[in-house]
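The structure appears below as C-alpha cells.
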Amino acid sequence: MRLSSTKQDPVTFLSLIRQCIDTKSISDIKKVQTQIMKSGFLLGFGDKLIDGYLKCGGVVDARKLFDELPKRHIVTWNSMISAHIGHKRTKEAIGLYKKMILEGVFPDEYTFSSIFKGFSEMGSLREGQRAHGFSIILGLEASNVFVGSALVDMYSKFGQMRDAKLVADRVVKRDVVLFTALIVGYSQHGEDREALAVFVSMINGGVKANEYTFASILIACGNVENLGNGKLIHGLIIKSGFESVVASQTSLLTMYSKCGLIDDSLKVFKRFANPNLVTWTSLIVGLVQNGKEEVALTKFRQMTRNSINPNAFTLSSVLRACSSIAMLEEGKQIHAIVTKHGLDRDTYCGAALVDLYGKCGSTEMARLVFDDIIELDVVSMNSMMYSYAQNGLGHEALEMFNRMKDLGLQPNDATFVSVLIACSNAGLVEEGCQIFASMKKNHDIELTRDHYACMVDLLGRSGRLEEAEALIEKVRNPDVVLWRSLISACVIHGEVKMAERIKDKVLKLAPGDEGTHVLLSNIYASTGNWSQVIEMKTTMREMRLKKDPAMTWVDIDREVHTFMAGDWYHPRSKEIVETLKELMERVKSVGYVPDTQFVLHNLKEEKKERCLYYHSEKLAIAFALWRTSNKTTSIRIFKNLRVCGDCHNWIKYVSKVVNREIISRDSKRFHHFKNGSCSCGDYW
DNA sequence: CTAGGGTTAG
C-alpha cells in the first residue's frame with residue numbers, strides 16, 4: 001500500500017484502515033498506525049485500529065496497541081476477548097476479562113457469551129461459576145439467549161448436566177443453538193436418551209432444527225443404536241433441506257454404521273461429491289467396527305490417492321483394522337505412513353501400534369513403540385499389558401500395572417482383564433488371586449463376567465478346581481462360558497467325574513450347548529473311553545450340533561492361506577505333503593514321537609498318526625516353510641482353537657531343525673517356538 | 001465496530 005503523505009485527515013485514515021481490512025494486511029495497518037501516531041490523532045483511532053488488527057488476525061499486534069491506549073471502549077474489550085478465545089489464547093482472554101473488571105468496565109452480554117468458553121477450555125469450573133454468578137447479578141443470564149447458551153455449553157463441557165439444564169430452563173427465549181448445546185452435552189456424557197428427549201421437546205416447542213442439531217442428534221441415535229429414530233431424523237434432514245451438509249451427512253453415516261447398517265453408510269458416502277478427511281475417517285471407522293477390515297484398508301488407499309492426508313484419527317483407525325485381523329505387513333506399511341506424518345509418539349497412534357504389534361506377537365516391537373509415546377494413558381498402557389499377557393510375560397505385565405499406578409492413572413476394567421490373563425498365562429496364581437481380591441476393595445471396579453472367566457481359568461489351569469467352582473457359584477447369573485472354562489480345566493487335569501458333574505449343571509442351563517459336548521467328548525477320548533465318545537457324538541448329531549472346525553491361517557506376501565485338518569483344496573497341496581514328509585523325517589530323527597492321545601477318534605494307532613499328520617497347523621507351517629526362503633527368520637500362524645499337545649511338541653522340534661522362529665497365536669495366547677522350546681514353558 | 005451450538009478414535 002502506498003500512503004499519501006499529504007492527506008492526513010480523519011476521513012482518509014478511516015478509509016485506509018478499511019482498505020487494510022479488505023486486503024487482510026497486518027503490515028499495512030502498522031504503516032497506517034505509524035502515520036496516525038505521527039499526526040497525533042492516535043487517541044481517536046485506537047479502537048478502529050484494534051478492530052482492523054483483529055479482523056486481519058493480528059491478535060498480538062492488537063494486544064500491543066491495546067495496552068498502550070489509556071481508555072478503551074467496551075466493544076473493544078469484547079472484541080479482544082472473543083478474538084483471543086478464537087485464537088486459543090485462553091489464558092490471555094481470561095486475563096483481559098479480569099482486567100476489565102478491575103478497571104471498572106462491567107462485562108456485558110457480549111463479554112459473557114465469549115468468556116464462558118474460556119473457562120471450560122481452561123478447566124476452571126470454579127472461576128466459571130463465579131463469572132456465572134456475576135452474570136446473574138447483572139441480569140444477563142436468563143434474559144439473553146447468547147449468554148444462556150454459552151453457559152449451557154460450559155456446564156455441558158464440565159459434565160455438569162444438572163446445572164446446564166437448570167440454566168437452559170431459566171432462559172426466556174430459547175433458540176436452536178441453546179437446545180443443540182444441551183443435546184450435545186447430554187450425548188457426550190452418555191445420556192443419549194435425555195438428548196433425544198430434548199430434541200423432541202425442541203421440535204414440539206416449534207423450534208426448527210438445523211444442520212448442527214441434526215449432526216448432534218444423530219450421534220445420540222447411533223450411541224443407543226436407535227435406528228428407528230435415526231431413520232425418522234434422516235427423513236427430517238431431507239425435508240429440511242440439509243441433505244447435502246457435510247457434517248450432518250457424516251453423522252448420518254456414523255449413525256448407520258453404529259446401528260450395524262454399514263451398507264447404508266456406504267450409500268450415504270456415495271452421495272458425497274467431495275468427502276473430506278472427517279467423512280473418510282468416519283467411513284473407515286464404521287467399516288472396521290462392522291468387521292470389514294479389508295474394505296477399510298481399500299478405502300484408506302482410495303482416500304490417500306485422492307490426495308487427502310490422513311491425521312491421527314484416520315491412522316489409528318486403519319491400524320485397528322490391521323490389528324483386529326492381524327495383518328502385520330499392512331500394519332507395518334501404515335506404521336511407515338504414521339512415521340511420515342510424525343505421529344509415532346501420538347497417544348492414539350502409539351496405542352494402536354502397540355496393539356498391532358502385540359496382536360501379531362511382536363512384544364519387543366510393541367515395547368519400542370510404547371516407550372516413545374509422549375503422553376501415556378490408560379488405554380495405551382492396557383494395550384502393552386495385554387500384549388505381555390498374551391505372550392505369557394506375566395512379570396512384565398505386572399511391572400506395567402505398577403507403573404500405571406505410579407503414574408497416578410486409574411486402572412479400568414480392561415486393565416484387570418489383561419492383568420488377570422497375564423497371571424493366568426504365566427502361572428502367577430497367588431498374585432492373580434490377590435489382585436482379583438483388590439479390585440473391588442481398592443479400585444472400585446465392578447466385576448464383570450470377563451474377570452470371573454479369567455479367574456476360573458487361572459484357578460482351573462493350576463488345578464484348584466474346587467475353588468474355581470466355588471467362584472462361579474458366587475456369580476449372580478453364571479453363563480455357559482464360565483462353566484465351559486471350568487470343564488476345560490477338568491479336561492487338562494483329567495478330572496472326568498467333576499467334568500461330568502459340571503456338564504449336567506451346564507446342560508440344565510443351556511440344553512444344547514455344543515461347546516460342552518465337544519469338551520466332554522474330548523475328555524472321554526483322551527482317557528480312552530470310546531463308548532462315551534460315541535455316545536456324545538451321537539447326541540450331538542441328534543441335536544444337530546456342530547463344532548467349529550479347527551482352522552489355521554498364515555499370511556504370506558499379503559495373501560492369507562487358510563487350512564483345515566485333512567483338507568486338500570489348497571492348490572499347492574502336493575508341495576505341502578512333500579514338505580511335511582521331509583519335516584516328519586527330520587523331526588523324528590531328533591526325537592519327536594507322535595502323541596496319539598490327542599487324536600479324538602477311535603482309530604488304529606497307525607491311522608491316528610496320519611490324523612495328527614494333517615492337523616491344520618502342521619499343514620500351514622509346511623506351506624509357509626515351502627513358500628518362504630531361509631532368509632525369513634520367523635513365521636506367524638493363527639489358529640481359531642487352542643493348539644493341541646502333539647502339534648505344540650512337533651512345532652518345537654520343527655523350530656529346531658529348520659532353525660526358524662515360529663510364532664503361533666491360538667485362541668488363548670501366543671506361543672513363540674524357537675530352537676526347540678516354546679515361550680509358554682509348556683503351560684497353557 | 002462485538003456474541004453462543006456441530007462431524008472422526010481405543
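Any value given below was found using the heavy atoms of this structure, including those in side chains, with hydrogens, waters and symmetry copies removed. Chain naming here is simple, since letters A, B, ... match the order of the sequence lines and numbering starts at 1 in each.
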query: Reckon A:Val285 touches a base, only the sugar-phosphate, or nothing at all at heavy-atom distances under 4.0 Å?
result: sugar-phosphate
- request: Kindly determine whether A:Phe66 and A:Trp77 satisfy ring-ring contact (aromatic ring centres under 6.0 Å, His included), including the steps that lead there.
  value: CA-CA 9 Å; A:Phe66 184 85; A:Trp77 281 102; 4.9 Å; yes
field: Within residues 341-350 of chain A or reaching into it, pairs that qualify as side chain to side chain donor-acceptor pair (under 3.5 Å) - sequence neighbours excluded
entry: A:His335-A:Asp344, A:Thr339-A:Asp344
query: What is the nucleic acid contact for A:Ser380, judged by heavy atoms within less than 4.0 Å: base, sugar-phosphate only, or nothing?
result: base
task: Identify, with sequence neighbours excluded, every residue that meets side chain to side chain contact (heavy atoms under 4.5 Å, CB included) alongside A:Val224.
output: A:Asp192, A:Arg193, A:Leu196, A:Asn226
- request: For A:Ala352, answer base if it contacts any base atom (sugar-phosphate contacts may also be present), sugar-phosphate if it contacts only those atoms, and nothing otherwise; contact means non-hydrogen atoms under 4.0 Å.
  value: nothing
- prompt: With a non-hydrogen cut-off below 4.0 angstrom, is A:Val184 in contact with a base, only sugar-phosphate, or nothing?
  reply: sugar-phosphate
message: Strictly by salt bridge (Lys or Arg N to Asp or Glu O under 4.0 Å), give each pair with a member in residues 205-220 of chain A just once, sequence neighbours left out.
response: none
- line: Within residues 258-280 of chain A, the residues having a heavy atom closer than 4.0 Å to DNA chain B are A:Val278
- prompt: Is there a side-chain contact (heavy atoms from CB on, under 4.5 Å) between A:Tyr212 and A:Val184 once you walk through the steps?
  reply: CA-CA 10 Å; A:Tyr212 296 93; A:Val184 171; over 6 Å; no
message: Below 30° counts as parallel, above 60° as perpendicular, anything between as tilted: where do the rings of A:Phe112 and A:Phe116 land?
response: parallel
query: Can you find a donor-acceptor pair, distance only, under 3.5 Å between A:Ser113 side chain and B:dG4 base?
result: no
- request: Return the set of residues passing side-chain hydrogen bond (donor to acceptor under 3.5 Å, both in side chains) with A:Lys157 (not counting sequence neighbours), or none when no residue passes.
  value: A:Asp153
message: Need one value for A:Asp355: base, sugar-phosphate or nothing, where a base atom within 4.0 Å counts as base even if backbone is also close, heavy atoms only.
response: nothing
task: Mind jotting down which residue pairs meet the side chain to side chain donor-acceptor pair (under 3.5 Å) criterion with at least one end in residues 136-150 of chain A? Sequence neighbours excluded, please.
output: A:His132-A:Glu141, A:Glu141-A:Arg170
statement: Ordered by number, residues from residues 371-378 of chain A within less than 4.0 Å of DNA chain B (heavy atoms) are A:Asp377
message: Which heavy atom of A:Tyr53 sits nearest to which heavy atom of A:Ala62, and what is that distance?
response: CB-CB, 3.7 Å
message: Contact list please: residues 165-176 of chain A against DNA chain B, heavy atoms, distance less than 4.0 Å, in numerical order.
response: A:Asp175, A:Val176
- request: Determine whether the side chains of A:Ser201 and A:Asn204 contain a donor N or O and an acceptor N or O closer than 3.5 Å.
  value: no
task: Not counting sequence neighbours, which residues clear side-chain hydrogen bond (donor to acceptor under 3.5 Å, both in side chains) with A:Glu109? List them please.
output: none
Atom pair distance, as rounded to whole Å: CD in A:Glu121 and C1' in B:dG4: 13 Å
- line: Of the candidates B:dA9, B:dC1, B:dG4, the side chain of A:Leu178 sits closest to B:dG4
Interface residues of residues 83-96 of chain A with DNA chain B (non-hydrogen, below 4.0 angstrom): none
- request: Could you point out which residue of A:Asn276, A:Val278, A:Asn274 forms a side chain to side chain contact (heavy atoms under 4.5 Å, CB included) with A:Val246?
  value: A:Asn276
- prompt: Does the side chain of A:Gln188 get closer than 4.0 angstrom to OP1 or OP2 of B:dT7 through an N or O atom?
  reply: yes
Intermediate values then yes/no, side-chain contact (heavy atoms from CB on, under 4.5 Å), A:Gln33 and A:Phe13: CA-CA 9 Å; A:Gln33 183 184 334; A:Phe13 288 146; over 6 Å; no
field: Residue-level proximity of residues 134-149 of chain A to DNA chain B when a heavy atom falls under 4.0 Å
entry: A:Asn144, A:Val145, A:Phe146, A:Ser149
task: For A:Ile183, report the nucleic acid contact type (base, sugar-phosphate, nothing); a contact means any heavy atom under 4.0 Å.
output: nothing
field: salt bridge (Lys or Arg N to Asp or Glu O under 4.0 Å) partners of residues 281-307 of chain A, not counting sequence neighbours, each pair once
entry: none
